[in-house]
J.: 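Please read through the structure below; I'll follow up with questions.
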Amino acid sequence: AAMVSPTRGTANTGPRVGPVVIEEILYHPPTHAHEYVKLTNTSGDVIPLYDPANPSNTWTVSGIDFAFPPETRLTAYDTLLLVRDIITPGQFRLTYNVPASVEIFAYPGALDNDADTLVVKKPGLPEAATGYVPKIAVERVKYHDSAPWPAEADGLGKALHRVSETAYANDHANWQAAPASYAPQFSTLVVHGGSGGGGYTAGTVVQIQADPPSPQQVFVRWIGNIAGVADPGADSTSCTVSGQDAVISALYATGSVFV
């Protein structure tokens, strides 16, 4: 890691930190959630995530194969999110209620659920003779899913949260497991007289199935909070979860008597 200042012939100073830091990593999301990396600008200045003299040379994040688009800037004390491209930035914003002020970018790679290394790099000056653009590491984290790293971040709904923005990133002591900042909101679907109930995120399409009727009975329809039920008159159909708790029931009839 780069040092705070040159220390030739003397004891090393501490590693240089910031101003752009990795603040949160959800590397192993639970079912229905999505992985992401949160970056924060800890300074009072706008940080261009590109070389102003060569705007096409942008910052990158290795480990997830991501390069920032040209002209991207991170404003003072602001954050941005990098999300895996199995969900669009717009969908992520809607699903997790991300404020409009937080920019979201999609990356093509994937974080390893066991261990991985994230390195934020900025472009150096292009070499005059070759045009080669060196990459300068400004932040590096190599996490693990086991001690001394917090195991609670391994698929149990928690993320790795940085303890101190001014302390060295690549140190397990500077990370703790805490609830993910962007976690799916679940609503409960209760199905009486059938199957398919459970906890789901908004927009999930669930297959519901009425229980077989007893002798002399016939299935009539689904009743209750049936706005999301595709075909209320079918004993086997789908239900799109609205994001609100809902109760639906299978209605049966014996002759002219409903049960």
Side-chain angles (χ1 to χ4, degrees), residues 1-4 12 14-42 47 49 58-68 72 74 79-89 91-92 95-96 98 102-124 134-184 201:
M3 297 293 105
V4 172
N12 287 340
R16 182 181 299 163
V17 177
V20 176
V21 302
I22 300 172
E23 185 177 336
E24 184 179 352
I25 307 168
L26 182 60
Y27 66 88
H28 188 178
T31 304
H32 303 301
H34 297 86
E35 68 178 50
Y36 62 82
V37 178
K38 181 163 71 171
L39 302 184
T40 296
N41 176 5
T42 62
I47 305 298
L49 302 181
T58 67
W59 290 39
T60 60
V61 183
S62 64
I64 54 175
D65 303 322
F66 178 74
F68 283 97
T72 302
L74 188 53
T79 63
L80 62 80
L81 291 173
L82 307 177
V83 304
R84 189 179 176 187
D85 64 1
I86 60 174
I87 185 172
T88 67
Q91 290 171 326
F92 191 96
T95 301
Y96 300 104
V98 181
V102 178
E103 284 198 272
I104 306 175
F105 302 91
Y107 58 81
L111 294 169
D112 194 284
N113 290 344
D114 299 323
D116 215 334
T117 302
L118 290 169
V119 185
V120 180
K121 302 176 183 180
K122 66 179 181 180
K135 294 290 187 179
I136 303 169
V138 299
E139 181 86 331
R140 180 178 183 271
V141 178
K142 184 176 183 180
Y143 67 80
H144 293 268
D145 65 346
S146 57
W149 288 79
E152 298 89 345
D154 186 21
L156 300 178
K158 293 186 176 182
L160 291 175
H161 289 257
R162 193 185 188 118
V163 175
S164 171
E165 293 177 341
T166 59
Y168 186 41
N170 198 30
D171 180 359
H172 65 85
N174 198 26
W175 294 88
Q176 63 183 354
S181 297
Y182 304 100
T201 55

J.: Please examine the side chains of H34 and V83, heavy atoms only from C-beta on, and report whether any two atoms are closer than 4.5 Å.
T.: no
J.: On a heavy-atom basis, which atom in A137 and which in V119 lie closest, and how many Å separate them?
T.: CB-CG1, 3.8 Å
J.: For the residue pair R162 and V21, establish whether any side-chain heavy-atom pair is separated by less than 4.5 Å.
T.: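 Contact flag for R162/V21 side chains = yes.
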J.: Give, for atom OG of S146 and atom NE2 of H172, the distance between the pair rounded to the nearest 0.5 Å.
T.: 11.5 Å
J.: Measure centre to centre between the rings of F66 and F68, then say whether the value is under 6.0 Å.
T.: yes
J.: Output the distance between atom CG (L74) and atom OG1 (T40), rounded to the nearest 0.5 Å.
T.: 7.5 Å
J.: Hydrogens and angles aside, do E24 and S181 bring a side-chain donor and acceptor to less than 3.5 Å of each other?
T.: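 Side chains of E24 and S181: pair found under 3.5 Å.
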J.: Provide the closest heavy-atom pair for N174 versus S164 in the form atom of the first, atom of the second, distance.
T.: OD1-N, 2.9 Å
J.: Run the side-chain contact (heavy atoms from CB on, under 4.5 Å) check on L111 and I25 step by step: do they pass?
T.: CA-CA 9 Å; L111 294 169; I25 307 168; 4.0 Å; yes
J.: Which heavy atom of A153 sits nearest a heavy atom of A159, and at what distance?
T.: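 Shortest heavy-atom contact: CB-C, 4.0 Å.
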J.: Hey, are the side chains of L160 and V141 touching, using non-hydrogen atoms and a 4.5 Å cut-off?
T.: no
J.: Quick one, L118 and I64 - any side-chain contact, counting heavy atoms below 4.5 Å?
T.: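 With C-beta onward as the side chain, the pair touches.
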J.: To the nearest 0.5 Å, tell me how far F92 CZ sits from D85 CG.
T.: 13.0 Å
J.: Side chains of L80 and L49, heavy atoms from C-beta outward: is any pair under 4.5 Å?
T.: yes
J.: Could you check if a side-chain atom of R84 sits within less than 4.5 angstrom of a side-chain atom of Y36, using non-hydrogen atoms only?
T.: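 No, too far: nothing below the 4.5 Å cut-off.
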J.: Grab the two heavy atoms, one from E165 and one from T42, that are nearest each other, plus how far apart they are.
T.: OE1-CG2, 3.4 Å
J.: Locate the shortest heavy-atom distance separating W149 from K142; write the atom from each residue and the value.
T.: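 Of all heavy-atom pairs spanning W149 and K142, the closest is CZ2-O, 3.1 Å.
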J.: Taking atom CG of L82 and atom NZ of K38, what is their separation to the nearest 0.5 Å?
T.: 12.0 Å
J.: Search all heavy atoms of P179 against all heavy atoms of H161 and return the closest pair with its distance.
T.: O-NE2, 2.9 Å
J.: Could you tell me the separation between the OG1 atom of T79 and the CG atom of L39, rounded to the nearest 0.5 Å?
T.: 9.0 Å
J.: Would you indicate whether K122, at its atom NZ, is surrounded by more than 12 heavy atoms from other residues, nucleotides or ligands within a distance under 6.0 Å?
T.: no
J.: Check whether any side-chain heavy atom of W59 lies under 4.5 Å from a side-chain heavy atom of I47, and answer yes or no.
T.: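 With C-beta onward as the side chain, the pair touches.
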J.: Within the 4.5 Å heavy-atom criterion, are L81 and V98 side-chain neighbours or not?
T.: yes
J.: Kindly indicate, with the supporting measurements, whether the criterion side-chain contact (heavy atoms from CB on, under 4.5 Å) is fulfilled by Y27 and E35.
T.: CA-CA 5 Å; Y27 66 88; E35 68 178 50; 5.9 Å; no
J.: Within this structure, what is the CG-CG distance for the pair D116 and D145, rounded to the nearest 0.5 Å?
T.: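 Those atoms lie 11.0 Å apart.
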